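Report on the structure given below.
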2 protein chains.
Amino acid sequence: MSHTLGIRQAQKQKTRQALLDAALGLLEEQSLSSLGLREVTRAVGVAPTAFYRHFRSTADLGTALVEEALGSLHPMIRTTVSTADDSEERIARAVELIARHVDAYPAHVRFIARERHGGVQPVRDAIREQLARFGQEVKDELAKDPESAGWSDDDLLMLANLYVDQMLITASLFLEAQEATPQERDRVIQVATRQMRLISIGRHHWLD
Amino acid sequence: MSHTLGIRQAQKQKTRQALLDAALGLLEEQSLSSLGLREVTRAVGVAPTAFYRHFRSTADLGTALVEEALGSLHPMIRTTVSTADDSEERIARAVELIARHVDAYPAHVRFIARERHGGVQPVRDAIREQLARFGQEVKDELAKDPESAGWSDDDLLMLANLYVDQMLITASLFLEAQEATPQERDRVIQVATRQMRLISIGRHHWLD
DNA sequence: CCATGCAGTAAACAACTGTTCTCTGGAATT
DNA sequence: AATTCCAGAGAACAGTTGTTTACTGCATGG
């Protein structure tokens, strides 16, 4: 599908990715609104002016990071919600999936948690849009479940967003526990699992 | 109780408060890690060096803001959770209380939401500590409720933290809807109410 | 009433920022 | 083979930053 692009474009994308990676690293200890463009280029080893060949501003780079962090996550979410297991096992699977994702991409998770309410509006908007998509997709999967019979569209979306928020909270908990003891991590797993379970119980008795 | 303090101390606290207020204002459009101390003093109209008479750094000022934003909120939370009404009415009361608080102190709410996962560790820690206190207090109130019979301590705390997180999510939603149309605000009220209700239902059937 | 303490001032510091302009080497196109 | 294009370099710009040092004026306590 992807028409192999010339040496020219390849190098460009390489530098672009280097800028994104460097920025993501720097953002572990600060927030986007304090990230300087010179700081990023210095970390990569290119001239400050090279930055403009790829991004208009650090805010622009931020929205690109949002795409990188969340864009490829949609299929994963869909399949996780839709697998028609026993509810209890599905919860365990989801929690472990989140744990693995946080371990694999901690900087991405931190970035999203930090900039969701951060000081740069375009980035906040980009994150909100992605999360809204997640909400819709979760809702679509929930709608297929027999248990959703009799539910209004509004209520399904309400529940879907509750799940999405809960996933973010859980991811953030795993992030905090990342450098803690294994038993602390286990405690996070337990808490996250039970909170999900409680929500699922509420879902089950919603129409009573 | 408070021994009336002299002209000296009074003036000092006045400038200190002015610094806090100015910082809170500036933080509406950026995050703490990008807030400059000169920026703050300029907004107040004092010399940059005056800043050091009150705070070691902007991070220090940040933790003071955490105290200001959350410190006085504990009694309010306690009474809201403890009032032994019908569950449905209690939810409505809580949601409206959050709405009023966001209207009264939008900058405080934004600050907490932003810096909870922000780039300044001491501030993150201060917020986490306050939220943990909220969790404990909510748990204490829940424990008094007859419905909590048979619940383990861990599960009560798990539920309490779920409530606390839900309050923050709701506050953040109200913040976003603050400059939106009234019907958008009503939609937020509806969603928040139903999410709380679903959690309460889950709570009710937890021991099944 | 006088000496001390201390909130706030003023100036200077090296280091840093985003942005503009001009230039260059090599890939891409013809 | 000749030409165009463009990612990146380099230098310079006016402003900004945090922090130090020495100071001033006034409320405070003896």
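These numbers were taken from a predicted model, which means no experiment stands behind them. Chain letters run A, B, ... following the sequence lines, proteins first, then strands; residues in each count from 1.
- Although no hydrogens or angles enter the test, the distance criterion places no donor-acceptor pair under 3.5 Å between the side chain of A:Q178 and the main chain of A:P106.
- For the pair A:Y52 OH and C:dT17 P, the interatomic distance rounds to 12 Å; values are reported in whole Å.
- Taking every heavy atom of residues 58-67 of chain A and every atom of DNA chain C, no pair lies under 4.0 Å.
- Note on A:E141 versus A:K144: salt bridge recorded, some NZ/NE/NH1/NH2 to OD/OE distance being below 4.0 Å.
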Dump every N/O contact between nucleotides 12-15 of chain C and the protein below 3.5 Å, one line per pair.
none

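- Bounding nucleotides for the chain A contact on DNA chain D, 5' to 3', at a heavy-atom distance below 4.0 Å, are D:dC5 to D:dA12.
- Taken to the nearest 0.5 Å, the CE atom of A:M196 stands 8.0 Å off from the OG1 atom of A:T193.
- Note that the CD atom of B:Q30 and the CZ atom of B:R114 stand 9.0 Å from one another [nearest 0.5 Å].
- The stretch residues 118-125 of chain B has no heavy atom under 4.0 Å from DNA chain C, so no residue of it qualifies as close.
- Put simply, the side chain of B:E115 gets close to the backbone of B:L32: a donor and an acceptor are under 3.5 Å apart.
- No donor-acceptor pair under 3.5 Å is formed between the side chain of B:R90 and the backbone N or O of B:T80.
- With rounding to whole Å, A:L37 atom CG is found 11 Å from C:dT20 atom P.
- Formation of a donor-acceptor pair under 3.5 Å by the B:S31 side chain with backbone atoms of A:G118 is not found in this model.
- Rounded to the nearest 0.5 Å, atoms CG (A:L175) and CD1 (A:I98) are 12.5 Å apart.
- Contacts classified as salt bridge (Lys or Arg N to Asp or Glu O under 4.0 Å) and involving residues 4-29 of chain A (residues at least two apart or in different chains) are given here: A:E28-A:R110.
- For residues 153-170 of chain B, the salt bridge (Lys or Arg N to Asp or Glu O under 4.0 Å) pairs, not counting sequence neighbours, are A:R194-B:D155, B:R116-B:D165, B:K139-B:D153.
- Partners of B:D186 by salt bridge (Lys or Arg N to Asp or Glu O under 4.0 Å), not counting sequence neighbours: none found.
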Test salt bridge (Lys or Arg N to Asp or Glu O under 4.0 Å) applied to B:E96 and B:R100, step by step: CA-CA 6 Å; B:E96 191 178 315; B:R100 288 194 188 285; 2.8 Å; yes
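- For the atom pair CG (A:L162) and CZ (A:R203), the distance works out to 11.5 Å, reported to the nearest 0.5 Å.
- Residue pairs meeting the salt bridge (Lys or Arg N to Asp or Glu O under 4.0 Å) criterion with at least one member in residues 44-59 of chain A, sequence neighbours excluded, do not occur.
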Evaluation steps, side-chain hydrogen bond (donor to acceptor under 3.5 Å, both in side chains), between A:Y52 and A:T41: CA-CA 10 Å; A:Y52 293 106; A:T41 56; over 6 Å; no
Atom pairs, protein N/O to nucleotides 5-8 of chain C N/O, distance under 3.5 Å:
unit_1: C:dG5; atom_1: N2; unit_2: B:R8; atom_2: NH1; d: 2.6
unit_1: C:dC6; atom_1: O4'; unit_2: B:R8; atom_2: NH2; d: 2.9
unit_1: C:dC6; atom_1: O2; unit_2: B:R8; atom_2: NH2; d: 2.6
unit_1: C:dA7; atom_1: OP1; unit_2: B:K12; atom_2: NZ; d: 3.1
unit_1: C:dG8; atom_1: OP1; unit_2: B:T15; atom_2: OG1; d: 2.4
unit_1: C:dG8; atom_1: OP2; unit_2: B:H54; atom_2: NE2; d: 2.6
unit_1: C:dG8; atom_1: N7; unit_2: B:R53; atom_2: NE; d: 2.9
unit_1: C:dG8; atom_1: N7; unit_2: B:R53; atom_2: NH2; d: 3.2
unit_1: C:dG8; atom_1: O6; unit_2: B:R53; atom_2: NH2; d: 2.6

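- You'll find the side chain of B:H101 reaches within 4.5 Å of the side chain of B:L73, heavy atoms only.
- Sorted by residue number, the list of members of residues 17-30 of chain B with any non-hydrogen atom under 4.0 Å from DNA chain C is empty.
- B:R42 has its CZ atom 17 Å from the C1' atom of C:dT9, to the nearest Å.
- For residues 113-139 of chain B, every residue pair satisfying the ring-ring contact (aromatic ring centres under 6.0 Å, His included) rule, not counting sequence neighbours, is listed here: B:H74-B:F134.
- Evaluation of the ring-ring contact (aromatic ring centres under 6.0 Å, His included) rule for A:F51 yields A:F55 as partners, not counting sequence neighbours.
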